[in-house]
Amino acid sequence: MVIQKGASLHGIAEVLDLLSKKGIEIKSVDWRGRTLLVTHPNPASADLAQLDQATIVERLVISTPRAQLASREFQNEPSIVRVGTADVGGQKLVIIAGPCSVEGREQFLEVARAAKQSGASLLRGGVFKPRTSPYEFQGLGEEGLRLLAEAREETGLPVVTEVLEPERVKLVAKYADMLQIGARNAQNFSLLTAVGRSRMPVLLKRGMMTTIDEWLQAAEYVLVEGNPNVVLCERGIRTFDKVTRNTLDLAAVPVLRKLTHLPILVDPSHATGNRDLVGPMAKAAIAVGADGLMIETHQSPETALSDSQQQLNLSEFADLMEELEPVAKSVGRRIR
Ligand code: PEP
Ligand code: MN
């Protein structure tokens, strides 16, 4: 339950005291300049009646018990998350493009210019890479962060990049416009708390084994730190079938739409692991109501240092953007 309170705490202090004696957790959250008291679990109706009478309670919301601030009960109106010059969740779809990894200055700037040219609204590029093997390319680190900032400077596109550890949140936030939490860290709770405290926009990918309920609770870790700027990104889950890298759960989009006000993106690149499938699934994602896409692009995917099978080359990406336009239009959205 979420209690939105007025200027003073005194009027409801007794009731809160009573609730905490009953073992109900109460957390105070600074939310868009207001103070919220979030209880877990929801109190019994007799206690609620008392709270309802407390004169300085502005609003009581009975919400999904575990993911409260993320819920539609708390906020029915869809959230729009501003990332630099881009709005995620508005009528215009947000297309995030860029290479899996930033590999060097010329490589990244070329992809960045092409992304801008084709109409992408955000730029991606991994510099701290969560690789399965310790012998694989781990990313350029801080040097890569500087290249992200340089590309933003040149193209005007805001940049999103992954952060792997709580200790590096400040460093990455210095350069990036949005912090990505990758699938492998989707339930790294200290990392979620750290990006929550940063108040930066957060792109929260679904974990490979994360249920929708668990995913929303992961988002709640960010929200409860008073950071409302969370965007969800479906990127496929592990199933028995290895014909694709992961199984894209497209139903997650309309399911989440019912449960949460947070914007929802789809990443058909990591979901399929196969460049031939990126276009069809990108169109499908828009058709089921996604707020945008993350698509990996590279000037020479075959020689890319990571995810070479799934990246689109620059002209394939340009063509895809053209093909997406009528699909977006058919669901009342646009991509440019
Ligand atoms: C990525 O987007 O760079 C990435 C590693 O994706 P995921 O966390 O979805 O595997
Ligand atoms: Mn990748």
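In this text, all values refer to a predicted model and were calculated from it rather than measured experimentally. Whatever order the structure lists ligands and atoms in, that order sets their numbers, starting from 1.
Using modelled atom types and a 3.5 Å distance limit, the side chains of Asn274 and Thr272 yield no donor-acceptor pair. Ser63 and Gln68 form a side-chain donor-acceptor contact under 3.5 Å, judged by distance and modelled atom types alone. No hydrogens or angles considered: nothing links the side chains of Asp307 and His298 as a donor-acceptor pair under 3.5 Å. Side-chain atoms of Asn246 and Thr244 include no donor-acceptor pair closer than 3.5 Å. Counting only N and O atoms by type, the side chains of Glu136 and Thr132 include no donor and acceptor under 3.5 Å apart. In summary, the side chains of Glu214 and Thr211 do present a donor paired with an acceptor at a separation below 3.5 Å, with no hydrogens or angles considered.
Not close to ligand 1: Met208, with no non-hydrogen atom less than 4.0 angstrom away. The shortest heavy-atom distance from Lys129 to ligand 1 is under 4.0 Å.
Put simply, the angle at the Mn ion (ligand 2) from OE2 in Glu296 to SG in Cys100 is close to 90°, to the nearest 10°.
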Check step by step if side-chain hydrogen bond (donor to acceptor under 3.5 Å, both in side chains) holds for Ser190 and Asn188.
CA-CA 6 Å; Ser190 58; Asn188 181 336; 3.3 Å; yes

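Restricting Asp307 to its N/O/S atoms, the shortest distance to the Mn ion (ligand 2) is reached by OD2.
Between Arg184 and ligand 1, a contact under 3.5 Å exists for at least one N or O pair. Between Ala183 and ligand 1, a contact under 3.5 Å exists for at least one N or O pair. Any N or O atom pair closer than 3.5 Å counts here, and Gln180 shares at least one such pair with ligand 1.
Heavy-atom contacts of Gly182 reach the following atoms of ligand 1: 8 (O) (cutoff under 4.0 Å). Taking every heavy atom of Arg235 and a limit of under 4.0 angstrom, the matching atoms of ligand 1 come to 7 (P), 9 (O), 10 (O).
Closest to atom 6 (O) of ligand 1 among all protein heavy atoms lies Lys205 NZ, 3.0 Å. Protein heavy atom in closest approach to atom 4 (C) of ligand 1: His270 NE2, 3.5 Å.
One finds no salt bridge joining Arg334 and Glu325 here, because no Lys/Arg side-chain nitrogen approaches an Asp/Glu carboxylate oxygen to under 4.0 Å.
Ranked by closest heavy atom to atom 2 (O) of ligand 1, the top entry among Glu162, Arg124, Glu296, Arg131 is Arg124.
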